Amino acid sequence: MNEPHRNPAPDQGLVVRGLFADYGRTTAVSDLGLEIGRSEFVTLLGPSGCGKTTTLRCVAGLHTPRSGEITLGGQPLYSRGVNVPPHKRDINMVFQSYAVWPHMTTLQNVMYGLRAQKLPKAQARARAQQMLELVGLAEFTGRNATDLSGGQQQRVALARALATEPGLVLMDEPLSNLDAQLRARMRDEIRQIQRRTGITVLYVTHDQSEALSMSDRVVVMNRGVIQQVGDPWALYHRPANGFVATFVGEANVVPGVVAGIGTRTFSVRVPTLGPETVLDVVRAEGDDRPAVGAAVSLVFRPEWARVSRETEPLPAAVDGNEFRARLVASEFLGDHFERTYEAGEHRLRVQAVTGPTSRPPRIGAEQALTVTPENLTWFPAEDAEPRETGDVEASADEESSSAVPTEVIGG
């Protein structure tokens, strides 16, 4: 059984160990281990069918795992012989749909969970008003909830989830039904509210921008298996394998063989970029020392490479960490070009910043690209493909979640 990915926070929040979950004969989550500290904002990120919503539903008590352990605040929610009902798990959920009660006012929606907890009506009203002020909806207390805009309805759902002060709030793609501009604003609002209230959040999304901009840590999943856990900066700059590199942002991944090792750098032959191509790579602090002759995969983002020579013809030899490439496509996006190059056996994406005197090169031009040793990262070649355990094909039902508010989840 895999050990949970540890978090240094001293206060224990959610702990999941050895979680397996199925849909019929399909394994949706395989041996998942995760630990989330109190007041932490953690996001499950991955493509549709990767197991993230199944994980969320197991934590909520809406889906029964095959095996594993789930605890919250040190209290067991699920293990052998234990399966706490959803309404007793001290967990609220914000769904993908707005899931507001259509026959209630905004205030009544937020009061609902409080009244279900037998809180006196006056106290429930005061608490609900406080939550609506927190999410910026104090002036809409008497408005029918379904008469609000999409973003306002989602804030009502958030206020309702926060009102009962649960030990954990689960959010399942809560912004996917909003337009792009509103999504960006709601990302910031949710994060600010989470920081002010100190709630613990487990968030699900397939949108990398949401995950990177909102989270303390991100859990990247694929085919039911965790690929990497880390803070957003680490995931983007130090991907653990090819799946993470290409799913979290855009990346160029090329294979090579370690040719030599220095005190701060090591050199890698990359014959698929050109027969004489050798690239130096800076070893990050804490990196394992690769062995000479080891197969590795080098990674660089489009913005980490630069066009070092725009003129033709190129000299017979290129400088260190430079290689020849032929421009095959170029898109002008105002502040930069999105270019596609052919270099040896690879098609590479490069962002080139423009200026008032910039002149776009002609398609087919031979140029030299530079990626400095500081702008290369790597992982062992055997980790280039995501690890799989058993049959983790996703079912169509795996990513579904209830669109109807209940007394249990979401207040």
Side-chain angles (χ1 to χ4, degrees), residues 13-14 16 29 34 36-48 50-63 70 72 77 86 89-100 109-110 113 131 134-137 150-178 182-221 229 232 398-406 408-411:
L14 176 71
V16 180
V29 176
L34 181 64
I36 301 174
R38 291 180 62 84
S39 300
E40 194 177 16
F41 194 120
V42 173
T43 295
L44 302 180
L45 174 67
S48 295
C50 73
K52 55 189 186 294
T53 291
T54 296
T55 301
L56 206 72
R57 289 170 63 82
C58 289
V59 171
L62 301 177
H63 183 82
I70 303 171
L72 180 62
L77 301 181
R89 291 198 175 197
D90 193 26
I91 293 172
N92 283 348
M93 191 164 182
V94 179
F95 294 104
Q96 179 176 352
S97 66
Y98 310 133
V100 295
N109 264 274
V110 180
M131 288 297 99
L134 182 67
V135 299
L137 293 176
Q152 290 170 330
Q153 289 186 50
Q154 198 58 288
R155 279 187 277 171
V156 171
L158 179 60
R160 184 179 58 199
L162 296 175
T164 57
E165 299 181 320
L168 177 67
V169 172
L170 307 176
M171 299 190 185
D172 187 12
E173 302 269 13
L175 307 183
S176 60
N177 289 334
L178 305 179
L182 186 54
R183 273 201 310 271
R185 190 164 75 245
M186 285 296 296
R187 285 201 309 256
D188 181 64
E189 289 185 4
I190 289 174
R191 187 57 165 140
Q192 293 302 321
I193 290 168
Q194 186 269 337
R195 285 173 173 154
R196 289 201 298 270
T197 60
I199 60 169
T200 306
V201 173
L202 181 58
Y203 191 98
V204 159
T205 185
H206 65 275
D207 186 322
Q208 58 178 285
S209 297
E210 286 182 24
L212 295 177
S213 64
M214 299 174 73
S215 311
D216 295 314
R217 288 187 302 148
V218 179
V219 180
V220 182
M221 296 183 65
V229 180
E398 186 271 1
E399 295 294 345
S400 66
S401 63
S402 171
V404 181
T406 70
V408 204
I409 305 297

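Just so you know, these numbers come straight off a predicted model, no measurement behind them.
Note that OG1 of T53 is 12.0 Å distant from NE2 of H63, once rounded to the nearest 0.5 Å. Here the CD1-CZ distance, from I70 to R89, works out to 5.5 Å after rounding to the nearest 0.5 Å. Atom CG of L34 is separated from atom CE of M221 by 9.0 Å, given to the nearest 0.5 angstrom. Annotation: the span from I36 atom CD1 to L202 atom CG amounts to 4.5 Å, rounded to 0.5 Å.
Looking at residues two or more places apart in sequence or on another chain, you find a side chain to side chain donor-acceptor pair (under 3.5 Å) between S176 and Q96. For P166, the side chain to side chain contact (heavy atoms under 4.5 Å, CB included) partners are D90, N92, T164, V169, not counting sequence neighbours. Contacts of E189 classified as side chain to side chain donor-acceptor pair (under 3.5 Å), with partners at least two apart in sequence or in another chain: none. Every residue two or more places apart in sequence or in another chain was checked for a salt bridge (Lys or Arg N to Asp or Glu O under 4.0 Å) with R187, and none qualifies. D188 is linked by a side chain to side chain contact (heavy atoms under 4.5 Å, CB included) to Q192, counting only residues two or more places apart in sequence or in another chain. Every residue two or more places apart in sequence or in another chain that forms a side chain to side chain donor-acceptor pair (under 3.5 Å) with Q152 is listed here: S149. In terms of the side chain to side chain donor-acceptor pair (under 3.5 Å) criterion, residue partners of S215 (sequence neighbours excluded) are, by chain and number, T43.
A heavy-atom distance below 4.5 Å is found between the side chains of I91 and V59. L175 is listed as a side-chain neighbour of I190, based on a closest heavy-atom distance under 4.5 Å. You'll find the side chain of Q154 stays beyond 4.5 Å of the side chain of N177, heavy atoms only.
Using a distance-only test at 3.5 Å, with no hydrogens or angles considered, a donor-acceptor pair links the side chain of R183 to the main chain of L178. Judged purely by atom type and a 3.5 angstrom limit, R160 has no side-chain atom pairing as donor or acceptor with the backbone of V94. In this structure a side-chain-to-backbone donor-acceptor pair under 3.5 Å is missing from K52 to L44. Here the side chain of E165 pairs no donor or acceptor atom with the backbone of I199 at under 3.5 angstrom.
What you find for A211 and L45 is that their closest heavy atoms are CB-CD2, 3.9 Å. S39 and G198 get closest at one heavy-atom pair: OG-O, 2.6 Å. Residues P86 and G61 approach most closely at CG-O, 3.3 Å, considering heavy atoms.
A ring-ring contact (aromatic ring centres under 6.0 Å, His included) check over residues 187-214, counting only residues at least two apart or in different chains, returns the pairs F41-Y203. Contacts classified as ring-ring contact (aromatic ring centres under 6.0 Å, His included) and involving residues 151-172 (residues at least two apart or in different chains) are not found. Judged as a salt bridge (Lys or Arg N to Asp or Glu O under 4.0 Å), the pairs with a partner in residues 190-199 (not counting sequence neighbours) are, in order, R191-D216.
Just one residue in the list L170, V204, L62 forms a side-chain contact (heavy atoms from CB on, under 4.5 Å) with R57, and that residue is L62.
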